[in-house]
Each structure stands twice: as C-alpha cells, then as structure tokens.
Protein chains: 2
Amino acid sequence: MSLAFDRHDHAACRRDALAAAEAVCAERGERLTPLRRRTLEILLESHVALGAYDVLARLAAEGFGSQPPVAYRALHFLVERGLAHRVEGLQAFVACARPGAGPHEAAFVVCRLCRRVAEEPAGAPPPRPDGFAVERRVVEAQGLCAACRDGAGEAP
Amino acid sequence: MSLAFDRHDHAACRRDALAAAEAVCAERGERLTPLRRRTLEILLESHVALGAYDVLARLAAEGFGSQPPVAYRALHFLVERGLAHRVEGLQAFVACARPGAGPHEAAFVVCRLCRRVAEEPAGAPPPRPDGFAVERRVVEAQGLCAACRDGAGEAP
DNA sequence: ACGCACTTGTTATATCGTAACGGTCACGCT
DNA sequence: AGCGTGACCGTTACGATATAACAAGTGCGT
C-alpha cells in the first residue's frame, strides 16, 4: 500500500510523524524547535513534494524569516534525521512516510503532475565497481499516478 | 567492468560514441550539427560529469554562442537520443557509455569528489503503486571511488 | 553574571534552467 | 529563380534552486 496515492487516515500520518520526530530528537539530545517542527508540519500536510521556496513562503507568512537559508536549514535538519526526504527528480522535499526508522534510504514513486510521492522500501543495492564506497542511493520512478492519468491532472 | 573507474582504451570510447551518434541521427533523419557534435565530443573527453555551464564555457570559447540555451539545447538533444545522460544527483551531464543502444535508462555510480560516472545497466524496476505509469527512472549511487578514497581526491 | 553552543536571521551571491523572440540557412516547391 | 517552411542557433531576460558569510538572539550550565 502506498499512502500517497491511496485513501488513508492522514491525521494518523501526521500524528505518528510528529511523535517520531519528538522521539528522534529527544533520543539524540537535539531540539525540535518551533521552526523545525512547523517545517515538518507543513510537509506533513500532504504527501506532495514541496520546493524549498514553497516551504519558505509558508514559513515567512507565519512570521519566520523570509530568506532561503531559513527553509534550507530546517529542511536539511529533517532530512539528515530521516524525518523528511529530498526528491532529486523534483528538487523538492517530502515528509518521511516511515518515520521513527531513523535515517534511512528509500525508493520513491513520483507523479510529475501532482507531485505526490509514495515512499517504498529501498530495493536491492545497485551493482558497484570495485572499491567504490557508496554513501547514498537515489532510486526514483517518475510518471503519472492513476488520478492524473484519468482526470488530466487533478489538484494536489 | 566500469569504464569510468578502470583503465581502458578511451580513444575507443570516443570513436564508438561518435559513430553511434552519427548512426542514430542518420537513422532518424536528424542532424548531428557541429554544435551538437562538439558538445558530445566535450562530454566524451572523459567519464566525468560536466555541468551545463561548464559545457557552455567550452563551447563559447570555441566560437559558439555564449548563452545558456545554446548548451541546454544541445545537451537535451543528446539526452533525448540516448547519447548522453543527465545525472540528477549532480545536476550534470555525461556521455553515454553504451551508445548505439538507442534511448535507454541506466543506473549510475557517481563519485562525488571527482564526479566520474560509471554507467551500469538499469536494475530491476522498483515496486509501484496500482495504476501508476512509470515514465522515467532515476537510479544513482553516490559515494567515493577507490582513487578518491586513497588519494584524497585526485583530479578528474 | 558569564561564556558557550546552538539557532535564527540577514545580505549577498552562486548555480542551474527556461521562455520568448529574431535572424539565418537549407531545402523543396511552384 | 523566387518563395515558403522548418530547423537551428543566437540573443535578452528572467525564474528557480542553493549556499557562503556574518550578526544577533536564546538557553543553559557553571
């Protein structure tokens, strides 16, 4: 089941993700500040990937700083802790759909129209040349979700 | 064997890729113009991924136009025909290491220091939600190649 | 109170990418 | 030959994404 494209109890997503965020931060002695928490909440509003500048606009409208580093720092904080992911193919960010697992890698299925992102467990490691030390994997499938194929791109 | 990180007959890479490019274009009734050919040659100088602006600077120095669309158009032409690939994780472009196969997808192993890119056959398709139409896959492993781990980053 | 680490904010700038428009040239057609 | 047409290349202008560097505020232990 892929949350992004199926009907589900989204309130539970949000609640679980925030709880996981609290837990991860507590465990590591780090602070889920209002800015960071709010950034995560914004991402959690849907399974749609948001650009850093989209997030920034939201934050600025709520009284936080209005310059790019404000958003990028909060997003990097979340990504490093596995609470959010960066979708390379969109240059955008999504809340993690499997929070509480600690930092982890995942595969993403991304609709290029509505920008919804389903997170799947990362597949098998790719082949790698001798002596190459893999640090990070990017596995994404881009295309059209069922709704966007039918409805010619319904709003996210 | 991965060309990018192993000693090999690079002149053959270049020769084969150019021949393949000629063939692909001829077959499709398209033109490998001097600009496009030169762009491909620049990428073919090594298995290092180049940013569009790196390519542009080279082109401009050789008398071609100096504005971004010049490079982007040539690069898109090559990418669409499978003669080059875009490496999402680097926002950069490499010549295809398996030319002549027509447009195709591939997995990439990318050294983040020297930016060398090894192209491997694309692995198994990722799992996908019901009804999702995959159009494009991005599979990349980033890390450090053997040389960059040992030599603390030898020049590309 | 003081110092320190951390967080947030700013200014400024770098990097990546595209829209829109105009000129030129080759080619086929009448 | 003259003329349309389409592909290609060049430009200007702008938009989107991202980071470096520095200043100031906050919270907390001692």
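- Counting atom types as modelled, Arg73(B) pairs no side-chain N or O with a base atom of dG17(C) as donor and acceptor under 3.5 Å.
- For Arg115(B) and dT15(C), the CZ to C1' distance is 11 Å, given to the nearest whole Å.
- Arg38(B) has no side-chain polar atom (N or O) that falls below the 4.0 Å cut-off from OP1 or OP2 of dC9(D).
- Note on His76(A): a side-chain N or O is less than 4.0 Å away from OP1 or OP2 of dT19(D).
- Ion pairing between Glu88(A) and Arg136(A) holds under the 4.0 Å rule for side-chain N and carboxylate O.
- Listed nucleotides: dG10(D), dT11(C), dG17(C). Nearest to the side chain of Tyr53(B): dG17(C).
- Here dA14(C) presents its P atom at 17 Å from CG of Leu56(B), a figure rounded to the nearest Å.
- In this structure, Arg81(A) forms a cation-pi arrangement with Phe77(A), its terminal cationic atom sitting closer than 6.0 Å to the ring centre and no more than 45° off the ring axis.
- Here the CZ atom belonging to Arg38(A) is positioned 10.0 Å from the CG atom belonging to Leu44(A), to the nearest 0.5 angstrom.
- For the pair Phe64(A) CZ and dT10(C) P, the computed distance is 12 Å after rounding to whole Å.
- When the P atom of dT10(C) is taken as reference, atom CG of Leu35(A) falls 11 Å away, rounded to whole Å.
- A close approach under 4.0 Å does occur between a side-chain nitrogen or oxygen of Tyr72(A) and OP1 or OP2 of dA18(D).
- Taking atom CG of residue Asp54(A) and atom C1' of nucleotide dA18(D), one finds them 15 Å apart after rounding to whole Å.
- Using a 4.0 Å cut-off between a side-chain N of Lys or Arg and a carboxylate O of Asp or Glu, Glu80(B) and Arg28(B) do not qualify as a salt bridge.
- Each of dA18(D), dT11(D), dT19(D) was ranked by its minimum atom distance to the side chain of Phe93(A); first place goes to dA18(D).
- When the side-chain nitrogen and oxygen atoms of Arg86(B) are compared with OP1 and OP2 of dC16(C), none of them lie within a distance under 4.0 Å.
- Of the possible polar contacts, none joining the Arg116(B) side chain to the Phe5(B) backbone as a donor-acceptor pair under 3.5 Å is found.
- Rounding to whole angstrom units, CD of residue Glu30(A) and P of dC6(C) are separated by 10 Å.
- Atom pair Glu88(A):CD and dA18(D):P shows a separation of 8 Å (rounding to whole Å applied).
- For Arg31(B) and Pro68(B), each mapped to the nucleotide of DNA chain C holding its nearest heavy atom, the one lying further toward the 5' end belongs to Pro68(B).
- Remark on DNA chain D: of its neighbouring residues Thr33(B) and Gln91(B), the 5'-side contact belongs to Thr33(B), judged by nearest-heavy-atom nucleotide.
- Atom P of nucleotide dA7(D) and atom CD of Glu80(B) are separated by 14 Å, given to the nearest angstrom.
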